[in-house]
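All remarks here apply to the structure that follows.
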Amino acid sequence: MTFRAAVLELVRRIPRGRVATYGQLAAMLRRPRSARQVGQALRGADDGVPWHRVVNAQGSISRRSRTASMMTQRIRLEQEGVVFRRGRVVLARFRWQGVAARRPRDFAVRQIG
DNA sequence: GACTTGACTAGAC
DNA sequence: AGTCTAGCCAAGT
């Protein structure tokens with residue numbers, strides 16, 4: 001299993017309407033310093049992988065190449081309901097939490113009385 | 001193996 | 001707020 005294959009597999013699990021950052025995905029793969037390689041892996045991704053759901057740490061879109069437009073990615077995200085503010089995805093609301101999101105809410109047990 | 005290339009990022013101005 | 005820089009490292013030559 002190459003790193004590239006692991007990245008593509010993980011990106012396929014990002015649900016519609018959510019985004020993840022390069023660094024976040026790298027950390028999920030237990031390779032926290034390989035953010036650049038996540039981008040590199042996405043370079044040749046086919047239509048089967050939702051590459052548009054990956055943005056940089058600032059929530060903005062990174063250019064795929066000199067000529068490539070960033071509009072395609074933004075339009076795709078907005079069509080899924082992702083909201084941009086001042087050119088950035090509102091990460092606080094749309095970041096994919098990964099497996100942590102489905103963890104039991106043990107915090108709700110605490111009561112006042 | 002020794003370079004080279006970047007869809008990156010945190011920190012420092 | 002933006003702009004630079006150094007460090008990063010999987011893949012491709």
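A, B, ... follow the sequence lines: proteins, then strands. Residue 1 opens every chain.
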Report the distance from atom CZ of A:Phe3 to atom CD of A:Gln40, rounding to the nearest 0.5 Å.
9.5 Å
List the atom of A:Ala26, the atom of A:Ala35, and the distance in Å for their closest heavy-atom pair.
CB-N, 3.8 Å
Annotated structure of DNA chain C as dot-bracket, pair cut-off 3.5 Å, Watson-Crick or G-U only, | for inter-strand, is .||||||.|||||
Specify the separation, in whole Å, of atom OH of A:Tyr22 and atom P of B:dA10.
14 Å
Nearest-Å distance for atom pair CZ/P, residues A:Arg64 and B:dG6:
15 Å
So what does A:Arg63 touch, heavy atoms closer than 4.0 Å: a base, only the sugar-phosphate, or nothing?
sugar-phosphate
Atom-pair distance (CZ on A:Arg43; P on B:dA7), nearest Å
8 Å
Common cluster, A:Met70/A:Val82, ILVMFWY with side-chain heavy-atom separation under 4.5 Å:
yes
What is the distance, to the nearest angstrom, from the CG atom on A:Leu91 to the C1' atom on B:dT9?
14 Å
When we call it a touch if two heavy atoms are under 4.0 Å apart, what does A:Phe3 touch: a base, just sugar-phosphate, or nothing?
sugar-phosphate
Please report the shortest heavy-atom distance between A:Val19 and A:Leu77, naming the atom on each side.
CG1-CD2, 3.8 Å
Could you tell me whether A:Arg33 contacts a base, only the sugar-phosphate backbone, or nothing, with contacts defined as non-hydrogen atoms closer than 4.0 Å?
sugar-phosphate
side-chain N/O A:Thr21 vs B:dC8 OP1/OP2, d < 4.0 Å:
no
From the options B:dA7, C:dA1, C:dA10, select the nucleotide whose nearest atom is closest to the side chain of A:Trp51.
B:dA7
Length of the line joining A:Arg31:CZ and B:dT9:C1', which is rounded to integer Å:
18 Å
Identify the heavy atoms of A:Pro50 and A:Val11 that sit nearest to each other, and give their distance.
CG-O, 3.3 Å
Side-chain donor/acceptor contact of A:Gln40 with base of B:dA7 under 3.5 Å:
no
Shortest non-hydrogen contact from A:Asp46 to A:Trp51?
O-CD1, 4.2 Å
Nucleotide nearest A:Ala57 (side chain, heavy atoms from C-beta), chosen from C:dA11, B:dT9, B:dA7:
B:dT9
To the nearest angstrom, the CD-C1' distance between A:Gln37 and B:dT9 comes to 12 Å
Looking across every strand, which nucleic acid part, if any, lies under 4.0 Å from A:Gln58 by heavy atom: base, sugar-phosphate, or nothing?
nothing
Report the residue from A:Arg12, A:Arg18, A:Arg16 that forms a side chain to side chain contact (heavy atoms under 4.5 Å, CB included) with A:Arg53.
A:Arg16
Whole angstroms only, please: what is the CZ-C1' distance between A:Arg36 and B:dA10?
13 Å
Strictly below 4.0 Å: does A:Ser34 bring a side-chain N or O up to OP1 or OP2 of B:dC8?
no
Please state how far atom CG in A:Asn56 lies from atom P in C:dG2, giving the value in whole angstrom units.
12 Å
